[in-house]
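Working notes, structure below.
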Amino acid sequence: MTEFVSGIAPLIKRFIAFRVASEHWNVTSYEVCMRLFDRYCHHRYPGESILTQQMVDGWCAKRDTESGKSCQTRAYPIIAFVKYLKSRGLTNVNPPKLPKKMRSTYVPHAFSEDELRRFFNGCDTLSGPLTKQNRIRNISIPVFFRLLYSSGVRTTEARLLRCEDVDLETGVLNIRLSKGYDQHFVVLHDSMLQLMREYDKAIADIFPERTYFFPARNNSFHDNSWVSDNFRKIWKNVSPCHAVPTR
């Protein structure tokens, strides 16, 4: 865990320990925000060991250089932190009001049959040096993106799938954490289940005691950049249209 240095660091560590224990901690987003908030408090309010409304409101205020959505993304972990403290009688600070999101003008790209065929062909023909990480990538990417396409799970849900969450007998996925839901289950198509079984055997030869179904180095899970970077590398040879995988 990143070292925290502000006067409220003990409270931040308690909050993180709680979220980790309840399996609601996201290292790639929440911890980054909490670390930046900790530094902000350390520099703006040196020696202050009690969370104040001024700290929270100052951090969560919309900046001139960011959109309403960016402001919300930066503030959500702090709001969760405040709610955690209030529920335990550790603060009188109130969660701030956030700016409304601007209506998105982005139009999702609808894949054509030809684009899908070319995209998955690109997934199946990845190249590169035969390092361990590239071997894992070459085995994982074709299955990972077919799982997204065939099941409708979000990229974050697929990235965070643990081996214990994937029942290769029944084809049921246990989605522990998701946008809008605490937990739900997804049933795989028979063809996807067979592909997942074949992948499981292949990846086990490289990473026999992995925790996550799609493992990254250090027995962790892949971050969002792994998904977006690999998607872009394949997509650039498929179509000039803009497209992104849904998180």
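Since the model is a prediction, treat every value here as computed from it, not as a measurement.
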If the threshold is 4.0 Å, N to carboxylate O, is there a salt bridge linking [X] and [Y]?
X: R35; Y: D38; value: no
X: R146; Y: D124; value: yes
X: R197; Y: E169; value: no

What closest approach, in Å, do [X] and [Y] show between heavy atoms, and which atom pair accounts for it?
X: H242; Y: W235; answer: C-NE1, 4.5 Å
X: A80; Y: R19; answer: CB-NH1, 4.2 Å
X: T52; Y: V93; answer: C-CG2, 3.5 Å
X: V143; Y: M196; answer: CG1-SD, 3.8 Å
X: G128; Y: N134; answer: C-ND2, 3.8 Å
X: R74; Y: A61; answer: NH2-O, 3.0 Å

For atom [atom1] of [X], decide whether the heavy atoms of other residues, nucleotides or ligands shown that lie under 6.0 angstrom number more than 12.
X: Q53; atom1: CD; value: yes
X: N92; atom1: CG; value: no
X: Y45; atom1: OH; value: yes
X: R217; atom1: CZ; value: no
X: R44; atom1: CZ; value: no

Hey, what do you get for [atom1] ([X]) to [atom2] ([Y]), rounding to the nearest 0.5 Å?
X: F145; Y: S150; atom1: CZ; atom2: OG; answer: 13.0 Å
X: D205; Y: I139; atom1: CG; atom2: CD1; answer: 8.0 Å
X: E48; Y: C41; atom1: CD; atom2: SG; answer: 9.0 Å
X: N219; Y: E209; atom1: CG; atom2: CD; answer: 8.5 Å
X: Y212; Y: E164; atom1: OH; atom2: CD; answer: 9.5 Å
X: R63; Y: S70; atom1: CZ; atom2: OG; answer: 10.5 Å

Do [X] and [Y] come close enough that some side-chain heavy atom pair is under 4.5 Å?
X: F81; Y: I12; result: yes
X: I203; Y: I136; result: yes
X: F185; Y: N174; result: yes
X: R14; Y: L90; result: yes
X: L188; Y: T170; result: no
X: R137; Y: H222; result: no
X: M34; Y: I78; result: yes
X: I234; Y: F120; result: no

Does [X] reach the main-chain N or O of [Y] with its side chain, forming a donor-acceptor pair under 3.5 Å?
X: R232; Y: V244; answer: no
X: D167; Y: V172; answer: no
X: N218; Y: S220; answer: no

Any chain of hydrophobic side-chain contacts (each under 4.5 Å) joining [X] to [Y]?
X: V166; Y: I206; result: yes
X: V5; Y: L11; result: no
X: Y40; Y: I50; result: no
X: F37; Y: V32; result: yes
X: F15; Y: L36; result: yes

Does the gap between the ring centers of [X] and [Y] come in under 6.0 Å?
X: Y30; Y: Y76; answer: no
X: F111; Y: Y149; answer: no
X: F144; Y: Y199; answer: no

Notebook entry, point to check: Of L173, V186, L195, which is the lone residue that meets side-chain contact (heavy atoms from CB on, under 4.5 Å) with L147?
Noted result: L173
Next item on the list: Sort out for me which residue in F213, W226, F207 forms a side-chain contact (heavy atoms from CB on, under 4.5 Å) with S140.
Entry: W226
Checklist line | Residue pair N224 / R159, side-chain donor-acceptor N/O under 3.5 Å | finding: yes
Margin query: Looking only at the side chains, is there a donor atom on one of S225 and D223 sitting less than 3.5 Å from an acceptor on the other?
Written below: yes
Checklist line | Derivation of the side chain to side chain contact (heavy atoms under 4.5 Å, CB included) call for N94 and V82 | finding: CA-CA 7 Å; N94 294 314; V82 171; over 6 Å; no
Checklist line | Face-on cation placement of R88 at F18 ring, 6.0 Å and 45° thresholds | finding: yes
Checklist line | Working for side chain to side chain contact (heavy atoms under 4.5 Å, CB included), residues K13 and E3 | finding: CA-CA 9 Å; K13 291 178 180 178; E3 185 63 30; 3.7 Å; yes
